[in-house]
Amino acid sequence: MNAKAPLATTVGWSDLDVRAVDTVRVLAADAVEKVGNGHPGTAISLAPAAYLLYQNVMRHDPTDPHWLGRDRFVLSAGHSSLTQYIQLYLAGFGLELEDLEALRTWGSKTPGHPEYRHTAGVEITTGPLGQGLASSVGFAMAARRERGLLDPEAAPGTSPFDHFVYVIASDGDLQEGVTSEASSIAGTQELGNLVVLWDDNHISIEGDTQIAFTEDVLKRYESYGWHVQYVDWTAGGEYREDVDALHAAIEAAKAVTDKPSFIGLRTLIAWPTPGKTDDHSSHGSKLGGEAIKGLKEVLGFDPEKSFDVAPEVIAHTRSLADRAATARAAWQEKFDAWAAANPERKALLDRLVAGELPAGWADALPQFPAGKSVATRAASGEVLSALAPVLPELWGGSADLAGSNNTTMKGEPSFLPAHRSSHEFSGDQYGRTLHFGIREHAMGSILSGIRLHGLTRPYGGTFFTFSDYMRGAVRLAALMGVNATYVWTHDSIGLGEDGPTHQPVEHLTAVRAIPGLAVVRPADANETAHAWKATLERSDGPVALVLTRQNVPTFPRGEDGWGTADGVAKGAYVLRDASTGTPDVVLIATGSEVQLAVEARETLEAAGVATRVVSAPCLEWFAEQDEAYRESVLPSSVRARVSVEAGIAMSWDKIVGDAGRSVSLEHYGASADYQTLYREFGITAEAVVAAAHESIAAARGAHAPADAAATPTQSGTGDLPA
C-alpha cells in the first residue's frame with residue numbers, strides 16, 4: 001500500500017503537522033478499539049481535512065470556545081465524532097488524552113455523537129443524519145441577521161461580525177430529506193458565509209452507496225444555487241491526500257460571497273488501513289487488532305503502543321492558541337473601533353450576549369378586552385407585531401402558512417436577497433420575516449441553528465398536524481435545551497372543514513411525550529399574550545405555542561372571581577373557583593375547551609355542585625412548580641376531576657387520577673364545520689357535566705374507576721369509521 005504523506009506544500013505543513021495527522025488516525029483506531037464499538041473509518045480518512053480546518057482555516061480560540069468572533073464548525077456526520085474530538089484535543093479546547101480513551105462511556109466528555117453543552121467546542125448536538133447540515137443553514141442566516149442588527153453599513157468582509165460556518169457532511173447526511181429542504185433554502189438565501197465539505201467516500205452502513213444513492217450530487221447543489229467544487233484524492237491512479245487542493249477550494253469558496261459553497265471531497269474510508277481501506281466494515285465497527293497493527297506500521301508508529309502521542313506533536317498543535325491570540329487581537333482592534341463608533345448598538349450587543357430582555361419590554365404586550373371572541377392564532381399575531389419595536393432580536397416566519405399562522409410582524413421586511421422580493425413580500429438581506437417554504441423539517445432545524453448561533457430569538461410556524469414533519473428537529477432542540485419557539489396553529493378538530501388529515505387529535509399527547517419541550521395551549525387572547533411573555537422569559541428549552549383557528553371567548557380577568565392570566569407562567573391556575581371555596585369537582589381544560597369547562601361549571605354550581613375550573617395551558621410548566629402551588633390548584637383531597645381537551649386523553653391519566661374522567665376524542669375527526677364536530681363527537685359542556693357527576697360518584701366509591709375505554713384504536717374518519 002502506498003501511504004504517501006499528504007501533499008501540503010502551499011499550506012506549509014511541516015513534518016510535525018504530518019505526524020499530527022497520522023496521530024489522529026491511530027488515536028481514532030485506538031479509541032474505538034478500546035471501547036469495542038464506534039466509527040473509526042471516517043475519522044481516519046478525514047484526518048487531514050479536519051486538521052486543515054482546525055489548524056489552518058478556521059478563526060477560533062481554544063482558550064475561549066464562546067468567543068464572539070469565532071467561525072462556527074458543525075460536524076453533521078456526527079457518527080464520526082472522533083473527527084471532532086481529536087481535533088479539540090490537539091488544539092487544546094479542553095479534551096485530554098484520557099477523554100479520548102473514555103470514548104462512548106458513562107460520564108465521559110466524548111459521547112458517541114457530539115453533544116452541545118457537554119463538550120467544550122461543540123456548537124450543536126448532531127447524530128441523526130442531516131440535522132447538522134440543516135441547522136448550519138440557521139447558523140449562517142443568524143450571522144447575517146445579527147450583522148444587520150449590529151453593523152449593517154460595513155463593507156463585506158470588514159465587520160467584526162463577519163465569519164464563516166463550516167460543515168463536514170457525509171453521504172448519509174445528503175440522503176436525508178431534511179438536507180435537501182435546508183440546502184434549497186440556503187441557495188435561495190445566497191448564504192455566502194456557509195461552506196460545506198462533503199466526504200464523498202461512497203460508503204454507508206450497508207456498503208457501497210451505489211445500491212441506493214446514485215444521483216449527481218454536484219449538479220443537485222448547482223441547481224440549488226450553490227457554488228460547487230470537487231477535490232478528488234483518488235485521481236491520478238494513486239491515493240494522494242492533496243491538502244493543497246482542498247485548501248485552495250476552501251479559499252475559493254470563501255471568496256464567493258453571493259452563494260453558499262459545496263466542496264465534494266473524494267476519499268477512501270479508513271485509508272491507509274490494510275484490509276479496511278474502502279471497506280464498509282470500517283464505517284461502524286472497530287477495526288480489529290491486526291488492522292490496527294498494520295495501520296500503525298504503515299504510518300511508522302509502534303504497534304505495541306496505544307494512545308501514543310509524541311510530546312512534540314501535542315506541543316506543536318496546541319501552539320494554535322498563540323496563532324489564535326494574534327488573530328483575536330486584530331479582531332479586537334476592529335471590534336473596539338466599532339464599539340466606540342456605535343454605542344447604542346454596543347449596548348444592544350451587550351444585552352443580547354447576556355440573554356437579557358430590555359427593561360419594560362412587557363409593557364408592549366397587548367391587553368384584550370373581555371367579551372370579544374378572538375382566535376388565539378390572531379392574538380399571537382397581534383402580540384408579535386406589538387413586540388417588534390421593543391425586541392429586535394425576535395424574528396421568524398412560517399412554512400408557507402404565514403397568513404394562517406399569523407407569524408408576520410406588521411410592517412417588517414422579509415429576510416431575503418432584495419432581488420427575490422415579491423409583490424406580497426419585499427425585503428433585503430437583513431430583513432426580519434422568514435420564509436421557510438413548505439419545508440417544516442428544515443424549518444425546525446434552522447430555528448435551532450439560529451438560536452445556537454447565540455444572539456437572536458427565532459420562531460417558526462405551521463399547522464399543528466404538520467409538526468410531525470419537524471419532530472426530529474424538535475426532539476434535538478429539546479435534547480439540547482435550545483429555546484426556539486414553534487407556533488403551531490389549527491390545533492384541533494376546531495379547524496373544521498379541512499378534515500381529519502389536518503386535525504391533530506393525537507398530537508398534543510405526542511409532543512408532550514418529548515422531554516424538555518414545553519407545550520402551551522392558551523385558552524384565550526390574554527393567555528396567549530402571557531404565553532409569549534413566559535416563553536421569552538425562559539431560556540431552558542423549546543416552547544410550542546399551540547393555537548386555535550376558530551375564535552374563542554376572551555374571559556374577564558381579575559374581577560368577579562376570574563383569575564388573572566399571570567398564572568400561565570406556572571402552567572396551570574385557578575380560572576374560576578368553587579363558590580364554596582372547597583370544590584366537589586375540579587374541571588381541568590386547555591385551549592378552546594376551557595370555555596366548555598366554564599359553561600359546565602355554571603350548570604354544576606346551579607345544581608349545588610361546588611366546581612373549580614383550572615386552565616392548564618402547559619402541563620410541563622405546572623410540573624415544575626413546587627408541591628405547595630400544585631396542591632393549591634389541584635388539591636389531592638379532591639379526587640373528582642375531569643380533563644377537557646379535544647384530543648386523545650393519554651396525557652391526562654396522572655392528573656385526573658383513578659376517579660377522574662376525561663372528555664376527549666379517541667379517534668380521527670371528520671370534515672365539517674367545527675360546531676358540528678364538537679357536537680357530534682361529544683365534546684360539549686353537557687358531556688363535561690355528565691363526566692363530573694360520574695367522577696364525583698367514583699370518588700365516593702359509588703362507581704368503579706375509569707377503565708381503558710379512552711384508548712385510541714379506531715382507523716377511518718370520525719363520521720365514516722373504517
Side-chain contact, heavy-atom cut-off 4.5 Å: [X] with [Y]?
| X | Y | value |
| --- | --- | --- |
| Tyr486 | Leu517 | yes |
| Asp17 | Gln55 | no |
| Gln429 | Leu416 | no |
| Thr110 | Thr119 | no |
| Asn342 | Leu349 | no |
| Tyr51 | Gln87 | yes |
| Ile44 | Val24 | no |
| Trp338 | Asp151 | yes |

- Which pairs count as ring-ring contact (aromatic ring centres under 6.0 Å, His included) when at least one residue sits in residues 113-157, sequence neighbours excluded? none

- Might you work through the side-chain contact (heavy atoms from CB on, under 4.5 Å) test for Val165 and Leu191, ending with a clear yes or no? CA-CA 10 Å; Val165 180; Leu191 298 173; over 6 Å; no

- Task: Indicate the atoms forming the closest heavy-atom contact of Glu241 with Ser45, along with that distance.
- Result: OE2-O, 4.1 Å

Interatomic spacing from [atom1] in [X] to [atom2] in [Y] - rounded to 0.5 Å:
| X | Y | atom1 | atom2 | value |
| --- | --- | --- | --- | --- |
| Leu365 | Leu387 | CG | CG | 5.0 Å |
| Glu146 | Leu149 | CD | CG | 7.5 Å |
| Thr257 | Asn193 | OG1 | CG | 10.0 Å |
| Leu75 | Ser136 | CG | OG | 11.5 Å |
| Leu455 | His453 | CG | NE2 | 7.5 Å |
| Thr407 | Leu545 | OG1 | CG | 12.0 Å |

- Quick one: salt bridge (Lys or Arg N to Asp or Glu O under 4.0 Å) partners of Glu251, sequence neighbours excluded? Lys254

Under-4.0 Å salt bridge between [X] and [Y]:
| X | Y | result |
| --- | --- | --- |
| Arg439 | Asp400 | no |
| Glu624 | Arg538 | yes |
| Arg70 | Asp61 | no |

- Query: Angle class for the Trp331/Phe335 ring planes (parallel below 30°, perpendicular above 60°, tilted otherwise)?
  - Reply: parallel

- Query: According to the interplanar angle, ranging from 0 to 90°, do the rings of Tyr230 and Trp198 count as parallel (below 30°), tilted (30 to 60°) or perpendicular (above 60°)?
  - Reply: tilted

- Before giving the answer on side-chain contact (heavy atoms from CB on, under 4.5 Å), spell out for Asn406 and Ser380 the whole-Å C-alpha distance, their side-chain angles and the decisive distance to 0.1 Å. CA-CA 7 Å; Asn406 294 81; Ser380 174; 5.7 Å; no

- Task: Determine, stepwise, if the pair Leu88 / Tyr54 fulfils side-chain contact (heavy atoms from CB on, under 4.5 Å).
- Result: CA-CA 8 Å; Leu88 293 174; Tyr54 269 82; 3.9 Å; yes

- Residues in side-chain hydrogen bond (donor to acceptor under 3.5 Å, both in side chains) contact with Asp244, at least two apart in sequence or another chain: Thr10

- Message: Apply salt bridge (Lys or Arg N to Asp or Glu O under 4.0 Å) to residues Arg19 and Asp15 and explain how you reach the verdict.
- Response: CA-CA 6 Å; Arg19 190 63 172 175; Asp15 290 343; over 6 Å; no

- Query: Of Arg351, Arg432, Arg451, which meets salt bridge (charged side-chain N to carboxylate O under 4.0 Å, His left out) against Glu393?
  - Reply: Arg351

- Message: Quick check on ring-ring contact (aromatic ring centres under 6.0 Å, His included): which of Phe93, Tyr166, Phe73 does His60 satisfy it with?
- Response: Phe93

- Message: Both conditions, 6.0 Å and 45 degrees, for the charged tip of Arg457 above the ring of Trp395: are they met here?
- Response: no

- Take Phe262 and Leu174 through the side-chain contact (heavy atoms from CB on, under 4.5 Å) test and state the conclusion after the steps. CA-CA 12 Å; Phe262 186 86; Leu174 299 189; 3.7 Å; yes

- Note on the structure: Which of His435, Gln189, Glu190 passes side-chain hydrogen bond (donor to acceptor under 3.5 Å, both in side chains) with Arg420? It is Glu190

